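Here the structure is a predicted model, which is why all the values come from computation and not from measurement. By convention in this document, chain letters (A, B, ...) are assigned in the order of the sequence lines, proteins followed by strands, and residues within each chain are numbered from 1.
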Protein chains: 2
Amino acid sequence: MKIGELAEKSGLTAHTLRYYEKSGLLKASGRSASNYRIYTKGDLETARFIKRARTIGFSMDEVGTFLSIRSDLPKHVCADAKALADTKIKEVKHQIEELQSVLKALHRLSDACCGGSESAEYCTIIEALEHEDPVPMQH
Amino acid sequence: MKIGELAEKSGLTAHTLRYYEKSGLLKASGRSASNYRIYTKGDLETARFIKRARTIGFSMDEVGTFLSIRSDLPKHVCADAKALADTKIKEVKHQIEELQSVLKALHRLSDACCGGSESAEYCTIIEALEHEDPVPMQH
DNA sequence: CTTGACCTTAGACTATACTCTAACCTCTAA
DNA sequence: TTAGAGGTTAGAGTATAGTCTAAGGTCAAG
(Lines give C-alpha, C1' and ligand atoms only; values in the text may rest on other atoms or scores of the structure.)
Protein backbone atom coordinates (compact mmCIF):
# COMPACT_ATOMS: atom_id res chain seq x y z
CA MET A 1 0.00 0.00 0.00
CA LYS A 2 1.01 3.62 -0.49
CA ILE A 3 1.49 6.19 2.22
CA GLY A 4 -2.05 7.58 2.04
CA GLU A 5 -3.58 4.21 2.70
CA LEU A 6 -1.20 3.50 5.55
CA ALA A 7 -2.02 6.89 6.99
CA GLU A 8 -5.72 6.15 6.93
CA LYS A 9 -5.36 2.66 8.35
CA SER A 10 -2.95 3.66 11.09
CA GLY A 11 -4.55 6.93 12.11
CA LEU A 12 -1.32 8.80 11.52
CA THR A 13 -0.90 11.37 8.76
CA ALA A 14 1.29 10.92 5.71
CA HIS A 15 3.36 13.82 6.96
CA THR A 16 3.90 12.12 10.29
CA LEU A 17 4.78 8.83 8.63
CA ARG A 18 7.47 10.53 6.55
CA TYR A 19 8.67 12.24 9.69
CA TYR A 20 8.86 8.91 11.49
CA GLU A 21 10.87 7.53 8.61
CA LYS A 22 13.30 10.40 8.82
CA SER A 23 13.50 9.82 12.57
CA GLY A 24 14.28 6.16 12.07
CA LEU A 25 11.09 4.73 13.55
CA LEU A 26 9.42 3.27 10.49
CA LYS A 27 10.96 2.81 7.09
CA ALA A 28 8.82 1.81 4.12
CA SER A 29 9.49 -1.76 3.05
CA GLY A 30 10.13 -0.66 -0.53
CA ARG A 31 9.62 1.79 -3.31
CA SER A 32 7.51 1.57 -6.44
CA ALA A 33 8.93 2.20 -9.90
CA SER A 34 7.77 5.79 -9.53
CA ASN A 35 9.53 6.10 -6.19
CA TYR A 36 6.41 5.96 -4.06
CA ARG A 37 6.82 4.43 -0.63
CA ILE A 38 5.34 0.93 -0.50
CA TYR A 39 4.24 -0.45 2.85
CA THR A 40 3.35 -3.99 3.85
CA LYS A 41 0.85 -5.30 6.40
CA GLY A 42 3.76 -5.64 8.75
CA ASP A 43 4.47 -1.96 8.35
CA LEU A 44 0.87 -1.21 9.23
CA GLU A 45 1.26 -3.22 12.41
CA THR A 46 4.42 -1.35 13.22
CA ALA A 47 2.70 1.97 12.60
CA ARG A 48 -0.09 0.96 14.97
CA PHE A 49 2.46 -0.26 17.50
CA ILE A 50 4.13 3.13 17.38
CA LYS A 51 0.83 4.94 17.73
CA ARG A 52 -0.18 2.89 20.75
CA ALA A 53 3.14 3.44 22.45
CA ARG A 54 3.00 7.19 21.76
CA THR A 55 -0.56 7.34 23.08
CA ILE A 56 0.50 5.65 26.28
CA GLY A 57 3.01 8.41 26.76
CA PHE A 58 6.31 7.06 25.50
CA SER A 59 8.58 9.49 23.68
CA MET A 60 9.70 8.81 20.14
CA ASP A 61 13.05 7.80 21.54
CA GLU A 62 11.50 5.29 23.89
CA VAL A 63 9.32 3.96 21.10
CA GLY A 64 12.53 3.45 19.15
CA THR A 65 13.86 1.30 21.95
CA PHE A 66 10.67 -0.76 22.02
CA LEU A 67 10.93 -1.22 18.29
CA SER A 68 14.46 -2.50 18.54
CA ILE A 69 13.38 -5.00 21.19
CA ARG A 70 10.44 -5.96 19.04
CA SER A 71 12.55 -6.39 15.95
CA ASP A 72 14.53 -9.16 17.62
CA LEU A 73 12.61 -10.60 20.53
CA PRO A 74 14.78 -13.65 21.19
CA LYS A 75 17.74 -11.40 21.75
CA HIS A 76 15.96 -9.49 24.50
CA VAL A 77 14.45 -10.30 27.85
CA CYS A 78 11.31 -9.13 29.60
CA ALA A 79 13.38 -7.03 31.94
CA ASP A 80 14.39 -4.83 29.01
CA ALA A 81 10.81 -3.91 28.23
CA LYS A 82 9.74 -3.67 31.84
CA ALA A 83 12.58 -1.31 32.63
CA LEU A 84 11.29 1.13 30.06
CA ALA A 85 7.78 0.97 31.44
CA ASP A 86 8.89 1.34 35.02
CA THR A 87 11.15 4.28 34.28
CA LYS A 88 8.24 5.93 32.55
CA ILE A 89 5.98 5.22 35.51
CA LYS A 90 8.41 6.99 37.80
CA GLU A 91 8.59 9.96 35.47
CA VAL A 92 4.85 10.25 35.15
CA LYS A 93 4.37 9.94 38.90
CA HIS A 94 6.84 12.72 39.38
CA GLN A 95 5.09 14.92 36.86
CA ILE A 96 1.78 14.30 38.62
CA GLU A 97 3.28 15.27 41.95
CA GLU A 98 4.65 18.45 40.47
CA LEU A 99 1.33 19.37 38.99
CA GLN A 100 -0.37 18.63 42.30
CA SER A 101 1.89 21.05 44.08
CA VAL A 102 1.18 23.61 41.37
CA LEU A 103 -2.51 22.97 41.86
CA LYS A 104 -2.18 23.51 45.58
CA ALA A 105 -0.43 26.82 45.02
CA LEU A 106 -3.12 27.87 42.58
CA HIS A 107 -5.86 26.98 45.02
CA ARG A 108 -4.19 28.98 47.72
CA LEU A 109 -4.21 31.93 45.33
CA SER A 110 -7.73 31.48 44.11
CA ASP A 111 -9.45 30.55 47.35
CA ALA A 112 -8.31 33.70 49.10
CA CYS A 113 -9.65 35.95 46.37
CA CYS A 114 -13.22 37.18 46.46
CA GLY A 115 -13.36 37.21 42.68
CA GLY A 116 -15.89 39.99 42.76
CA SER A 117 -16.15 43.27 40.96
CA GLU A 118 -14.22 45.05 43.69
CA SER A 119 -11.19 46.99 42.51
CA ALA A 120 -8.07 44.87 42.32
CA GLU A 121 -6.20 47.28 44.56
CA TYR A 122 -6.34 44.85 47.43
CA CYS A 123 -6.60 41.68 45.38
CA THR A 124 -5.12 38.83 47.38
CA ILE A 125 -3.89 37.11 44.22
CA ILE A 126 -1.72 40.03 43.19
CA GLU A 127 -0.72 40.46 46.84
CA ALA A 128 0.38 36.86 47.10
CA LEU A 129 2.45 37.09 43.94
CA GLU A 130 4.09 40.21 45.35
CA HIS A 131 5.13 38.63 48.59
CA GLU A 132 4.47 34.96 49.02
CA ASP A 133 7.07 32.37 48.25
CA PRO A 134 5.38 29.69 46.25
CA VAL A 135 6.14 26.04 46.76
CA PRO A 136 9.05 25.59 44.41
CA MET A 137 8.50 23.28 41.48
CA GLN A 138 11.37 20.87 41.28
CA HIS A 139 11.99 18.87 38.18
CA MET B 1 21.37 48.47 39.68
CA LYS B 2 22.76 46.71 36.60
CA ILE B 3 21.51 43.48 35.10
CA GLY B 4 23.95 41.27 36.99
CA GLU B 5 22.81 42.53 40.35
CA LEU B 6 19.17 42.20 39.42
CA ALA B 7 19.87 38.67 38.23
CA GLU B 8 21.42 37.75 41.54
CA LYS B 9 18.70 39.37 43.63
CA SER B 10 15.83 37.96 41.62
CA GLY B 11 17.20 34.49 41.05
CA LEU B 12 16.87 34.86 37.29
CA THR B 13 19.83 34.98 34.93
CA ALA B 14 20.92 38.06 33.01
CA HIS B 15 20.14 36.13 29.85
CA THR B 16 16.61 35.45 31.00
CA LEU B 17 16.10 39.05 32.05
CA ARG B 18 17.09 40.25 28.60
CA TYR B 19 14.79 37.66 27.13
CA TYR B 20 11.94 38.88 29.33
CA GLU B 21 12.60 42.39 28.13
CA LYS B 22 12.43 41.29 24.51
CA SER B 23 9.21 39.46 25.34
CA GLY B 24 7.71 42.55 26.91
CA LEU B 25 7.53 41.32 30.49
CA LEU B 26 10.10 43.52 32.17
CA LYS B 27 11.76 46.55 30.66
CA ALA B 28 14.67 48.20 32.44
CA SER B 29 13.70 51.55 33.91
CA GLY B 30 16.58 53.26 32.14
CA ARG B 31 19.98 53.09 30.59
CA SER B 32 23.34 54.34 31.82
CA ALA B 33 25.57 56.63 29.78
CA SER B 34 27.32 53.49 28.54
CA ASN B 35 24.02 51.93 27.53
CA TYR B 36 23.86 49.46 30.41
CA ARG B 37 20.37 48.55 31.59
CA ILE B 38 19.56 50.27 34.87
CA TYR B 39 16.97 48.69 37.15
CA THR B 40 15.15 50.12 40.17
CA LYS B 41 13.88 48.43 43.33
CA GLY B 42 10.49 48.40 41.67
CA ASP B 43 12.00 46.42 38.81
CA LEU B 44 13.39 43.94 41.30
CA GLU B 45 9.92 43.49 42.77
CA THR B 46 8.53 42.97 39.31
CA ALA B 47 11.22 40.43 38.52
CA ARG B 48 10.36 38.53 41.69
CA PHE B 49 6.67 38.80 40.89
CA ILE B 50 7.34 37.25 37.51
CA LYS B 51 9.43 34.51 39.01
CA ARG B 52 6.76 33.61 41.57
CA ALA B 53 4.06 33.51 38.93
CA ARG B 54 6.21 31.34 36.66
CA THR B 55 7.01 28.99 39.54
CA ILE B 56 3.33 28.57 40.27
CA GLY B 57 2.90 27.43 36.72
CA PHE B 58 1.67 30.44 34.77
CA SER B 59 2.95 30.84 31.24
CA MET B 60 4.84 33.94 30.19
CA ASP B 61 1.71 35.09 28.44
CA GLU B 62 -0.36 34.72 31.58
CA VAL B 63 2.28 36.47 33.60
CA GLY B 64 2.00 39.30 31.13
CA THR B 65 -1.69 39.56 31.87
CA PHE B 66 -1.00 39.62 35.61
CA LEU B 67 1.53 42.36 35.06
CA SER B 68 -0.94 44.48 33.16
CA ILE B 69 -3.46 44.08 35.97
CA ARG B 70 -0.77 44.91 38.48
CA SER B 71 0.37 47.95 36.59
CA ASP B 72 -3.01 49.59 37.03
CA LEU B 73 -4.88 47.98 39.88
CA PRO B 74 -7.73 50.51 40.22
CA LYS B 75 -8.71 49.82 36.64
CA HIS B 76 -9.13 46.12 37.31
CA VAL B 77 -11.30 43.98 39.54
CA CYS B 78 -10.59 40.87 41.57
CA ALA B 79 -12.55 38.82 39.06
CA ASP B 80 -9.88 39.56 36.44
CA ALA B 81 -7.14 37.99 38.50
CA LYS B 82 -9.29 35.16 39.80
CA ALA B 83 -10.35 34.23 36.28
CA LEU B 84 -6.71 33.65 35.36
CA ALA B 85 -6.12 31.49 38.40
CA ASP B 86 -9.29 29.47 37.91
CA THR B 87 -8.61 28.86 34.24
CA LYS B 88 -5.17 27.63 35.18
CA ILE B 89 -6.64 25.39 37.85
CA LYS B 90 -8.86 23.75 35.27
CA GLU B 91 -5.93 23.28 32.92
CA VAL B 92 -3.73 21.75 35.57
CA LYS B 93 -6.51 19.44 36.75
CA HIS B 94 -6.97 18.30 33.22
CA GLN B 95 -3.26 17.65 32.79
CA ILE B 96 -3.25 15.64 36.01
CA GLU B 97 -6.16 13.55 34.79
CA GLU B 98 -4.41 12.89 31.53
CA LEU B 99 -1.25 11.81 33.30
CA GLN B 100 -3.25 9.58 35.61
CA SER B 101 -4.74 7.78 32.67
CA VAL B 102 -1.29 7.44 31.19
CA LEU B 103 -0.10 6.06 34.50
CA LYS B 104 -2.90 3.53 34.54
CA ALA B 105 -2.01 2.38 31.05
CA LEU B 106 1.63 2.07 32.06
CA HIS B 107 0.73 0.07 35.14
CA ARG B 108 -1.38 -2.26 33.06
CA LEU B 109 1.67 -2.81 30.87
CA SER B 110 4.17 -3.20 33.63
CA ASP B 111 2.13 -5.26 36.08
CA ALA B 112 1.50 -7.97 33.54
CA CYS B 113 5.19 -8.37 32.73
CA CYS B 114 7.36 -10.73 34.71
CA GLY B 115 10.34 -8.49 34.16
CA GLY B 116 12.64 -11.44 34.38
CA SER B 117 15.48 -12.66 32.27
CA GLU B 118 13.12 -14.73 30.15
CA SER B 119 13.33 -14.09 26.45
CA ALA B 120 11.07 -11.28 25.34
CA GLU B 121 9.40 -13.52 22.77
CA TYR B 122 6.27 -13.69 24.88
CA CYS B 123 6.70 -10.40 26.68
CA THR B 124 3.29 -9.08 27.64
CA ILE B 125 4.42 -5.49 27.21
CA ILE B 126 5.31 -5.94 23.57
CA GLU B 127 2.18 -8.05 23.16
CA ALA B 128 0.00 -5.32 24.58
CA LEU B 129 1.51 -2.69 22.33
CA GLU B 130 0.85 -4.97 19.37
CA HIS B 131 -2.80 -5.47 20.09
CA GLU B 132 -4.30 -3.51 22.93
CA ASP B 133 -6.00 -0.20 22.40
CA PRO B 134 -4.68 2.13 25.01
CA VAL B 135 -6.92 4.59 26.78
CA PRO B 136 -6.70 7.55 24.45
CA MET B 137 -5.10 10.67 25.80
CA GLN B 138 -7.34 13.59 25.00
CA HIS B 139 -6.11 17.10 25.11
C1' DC C 1 -5.08 15.07 -23.32
C1' DT C 2 -6.24 17.01 -19.29
C1' DT C 3 -7.93 17.23 -14.61
C1' DG C 4 -7.51 16.03 -9.96
C1' DA C 5 -5.90 13.12 -6.46
C1' DC C 6 -1.86 11.43 -4.76
C1' DC C 7 3.06 11.13 -4.39
C1' DT C 8 8.13 13.12 -4.02
C1' DT C 9 11.85 16.26 -1.74
C1' DA C 10 14.17 19.73 1.09
C1' DG C 11 13.50 22.81 4.15
C1' DA C 12 10.88 26.28 6.85
C1' DC C 13 7.57 26.96 10.55
C1' DT C 14 4.85 26.15 15.11
C1' DA C 15 4.92 26.30 20.24
C1' DT C 16 7.40 27.31 24.86
C1' DA C 17 11.03 29.10 27.48
C1' DC C 18 14.99 29.70 27.58
C1' DT C 19 20.33 29.25 26.67
C1' DC C 20 24.29 30.27 24.35
C1' DT C 21 27.57 32.45 20.98
C1' DA C 22 30.36 35.86 18.63
C1' DA C 23 32.15 40.11 18.45
C1' DC C 24 32.44 44.01 20.63
C1' DC C 25 32.24 47.83 24.48
C1' DT C 26 32.89 49.58 29.53
C1' DC C 27 34.48 49.87 34.03
C1' DT C 28 37.39 49.01 38.07
C1' DA C 29 41.40 47.67 40.50
C1' DA C 30 46.33 46.54 40.66
C1' DT D 1 48.02 50.24 31.23
C1' DT D 2 46.12 46.20 31.26
C1' DA D 3 43.56 42.24 32.88
C1' DG D 4 39.28 40.66 34.04
C1' DA D 5 34.61 41.08 35.17
C1' DG D 6 30.62 42.50 33.37
C1' DG D 7 27.86 44.85 29.87
C1' DT D 8 25.86 45.26 24.64
C1' DT D 9 23.58 43.24 20.23
C1' DA D 10 21.64 40.11 16.78
C1' DG D 11 20.97 35.83 15.97
C1' DA D 12 21.49 30.76 16.38
C1' DG D 13 20.71 26.54 19.14
C1' DT D 14 18.08 23.33 22.47
C1' DA D 15 14.26 20.17 23.25
C1' DT D 16 9.88 17.67 21.43
C1' DA D 17 6.81 16.28 17.91
C1' DG D 18 5.06 17.38 14.48
C1' DT D 19 2.89 20.54 10.57
C1' DC D 20 3.11 22.84 6.40
C1' DT D 21 4.88 24.73 1.91
C1' DA D 22 6.75 24.97 -2.70
C1' DA D 23 7.75 22.97 -6.78
C1' DG D 24 7.44 19.26 -9.12
C1' DG D 25 6.43 14.02 -10.70
C1' DT D 26 2.71 10.08 -11.32
C1' DC D 27 -1.52 7.88 -12.28
C1' DA D 28 -6.40 6.72 -13.31
C1' DA D 29 -10.64 8.33 -15.24
C1' DG D 30 -13.35 10.93 -18.59
Touch class at under 4.0 angstrom, heavy-atom based, for A:S59 against every strand present: sugar-phosphate
Between D:dA17 (P) and A:L12 (CG): distance, integer Å: 14 Å
Gap between atoms NE2 and P, on B:H15 and D:dT9 respectively (whole Å): 12 Å
Side chains of A:T13 and A:T16, donor plus acceptor under 3.5 Å: yes
Rounded distance in Å - OH (A:Y20) to P (D:dT19): 9 Å
Phosphate OP1/OP2 of C:dC20: any B:R18 side-chain N/O under 4.0 Å: no
N-O pairing of A:E21 and A:R31 below 4.0 Å: yes
Proximity to DNA chain D (any heavy atom under 4.0 Å), residues of residues 24-50 of chain B only: B:R31, B:N35, B:Y36, B:R37
hydrophobic_cluster_shared for A:I3 and A:L25, side chain cutoff 4.5 Å: yes
A:Y19, nearest nucleotide to its side chain (from C:dC18, C:dC7, D:dA17): D:dA17
Whole-Å distance separating the NZ atom of A:K22 from the P atom of D:dT16: 15 Å
Spacing between B:L17 atom CG and D:dT8 atom C1', to the nearest angstrom: 15 Å
Length of the NZ-P vector between A:K88 and D:dT16, whole Å: 10 Å
Selection from C:dC7, C:dC20, D:dG7 that lies nearest to any side-chain heavy atom of B:K2: D:dG7
Spacing between B:D61 atom CG and C:dA17 atom C1', to the nearest angstrom: 12 Å
Separation of atom CD in B:Q95 from atom P in C:dT16, rounded to whole Å: 13 Å
Salt bridge A:K41-A:E45, side-chain N to carboxylate O under 4.0 Å: no
Pair B:S32, B:R37: side-chain N/O donor-acceptor within cut-off below 3.5 Å: no
Distance under 6.0 Å and angle within 45° of ring axis: A:R70 vs A:F49: yes
From CD (A:E62) to NZ (A:K88), nearest 0.5 Å: 3.5 Å
